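Here the structure is laid out as structure tokens; the discussion comes afterwards.
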Amino acid sequence: MSKLVILVSGGGSNLQSILDAVATGKIQAQVAAVIADRDCYGLERARKAGVPAYLIDRKLHRSDLSEEIAKLIPFDCDLIVLAGFLSILNVKFIQKWPNKIINIHPSLLPKHGGAGMWGLKVHQSALDAGDNESGCTVHYVSEEIDGGAIIAQHAVAIAADDSAESLQQKVLHFEHQLLVAVIAKLLA
Ligand code: GRF
């Protein structure tokens, strides 16, 4: 059985989509651990699903956050998924798991990505640019923030009356589908 580890920092709706897909067999894997860099509802979702949940507080582990997280990842982990994870993993961590770390970003990268581009800021950036579409991207994690090889994307039309909030909700819906589909395919 393939092993997944999920890293979170927030509400965990992407995590929940993965947990649900594992429960229904859409993803043939077990979630070995959920790791958060701050106290967040994602940890509660893990606990409710009976998955080991760990908090490695980014404020307590400024310089060794990556090392502390690495200790919790099984040696035979098949895929590490950043599902709304906001801390930056160091090069040593990334190089330890080549092509085994993926991230979901709420824009059509390379547009509206990079340092500081998370949450509503991403969607406001798309609106401010006058784009007529946005969407979501699943990509491999590299040393360049949001710069790793793109695995899959899904485009979402931007309506004239969309706000950053309404666009975020539209995109999030498709994030859940895209992330589950990519994980299922990578582990098949
Ligand atoms: C999602 O929009 C994801 O694309 C971004 O952070 C958000 C996490 O949302 N990286 P959730 O915690 O999965 O609900």
Side-chain angles (χ1 to χ4, degrees), residues 4-23 26-27 29 31 33-49 51 53-58 65 69 79-89 93-94 101-127 131 133-142 144-158 162-184 186:
L4 286 175
V5 170
I6 319 292
L7 274 53
V8 295
S9 297
S13 68
N14 277 290
L15 164 65
Q16 191 62 57
S17 302
I18 298 167
L19 293 170
D20 294 347
V22 166
K26 192 171 185 180
I27 292 177
V31 180
V34 171
I35 305 168
D37 64 349
R38 66 202 74 191
D39 192 17
C40 59
Y41 190 63
L43 289 172
E44 185 57 27
R45 292 183 191 267
R47 293 182 191 113
K48 285 182 177 174
V51 171
Y54 304 94
L55 169 57
I56 305 289
D57 193 318
R58 73 198 188 288
L65 180 70
I69 291 173
L79 195 63
I80 299 168
V81 182
L82 309 190
F85 186 69
L86 295 176
S87 291
I88 303 303
L89 296 162
F93 184 102
I94 293 167
I101 312 172
I102 64 172
N103 180 51
I104 180 138
H105 182 79
S107 76
L108 294 176
L109 291 175
K111 297 181 81 172
H112 315 301
M117 290 305 282
W118 56 276
L120 286 173
K121 284 180 278 189
V122 176
H123 305 289
Q124 192 58 55
S125 176
L127 294 175
D131 294 353
E133 69 173 9
S134 190
C136 45
T137 302
V138 180
H139 63 93
Y140 285 108
V141 172
S142 68
E144 181 190 354
I145 296 175
D146 295 334
I150 290 174
I151 302 169
Q153 296 187 300
H154 183 96
V156 174
I158 297 178
D162 262 323
S163 63
E165 290 79 4
S166 63
L167 181 56
Q168 181 179 53
Q169 288 311 306
K170 276 201 280 192
V171 170
L172 193 57
H173 170 77
F174 290 103
E175 289 180 45
H176 299 158
Q177 295 176 12
L178 188 70
L179 186 55
V180 165
V182 166
I183 293 170
L186 290 178

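Quick caveat, the model's predicted, so the values are computed rather than measured. Read the numbers this way: they start at 1 and go in the same order the structure lists the ligands and their atoms.
Under the rule for a side chain to side chain donor-acceptor pair (under 3.5 Å), K26 has no partner lying at least two apart in sequence or in another chain. The side chain to side chain donor-acceptor pair (under 3.5 Å) check on Y54 picks up nothing, with sequence neighbours excluded. Q168 meets the side chain to side chain donor-acceptor pair (under 3.5 Å) test with no other residue; sequence neighbours excluded.
R45 contributes a side-chain N or O that, together with a main-chain N or O of G11, makes up a donor-acceptor pair within less than 3.5 Å.
With respect to the salt-bridge test (charged N to carboxylate O, under 4.0 angstrom), the residues R38 and D57 do not qualify.
Applying the side-chain contact (heavy atoms from CB on, under 4.5 Å) test between H173 and each of Q177, E175, H176 identifies Q177 as the sole match.
Listed by chain and residue number, the protein contacts of ligand 1 are G10, G11, G12, S13, N14, G84, I104, H105, P106, L172, E175 (heavy atom within 4.0 angstrom).
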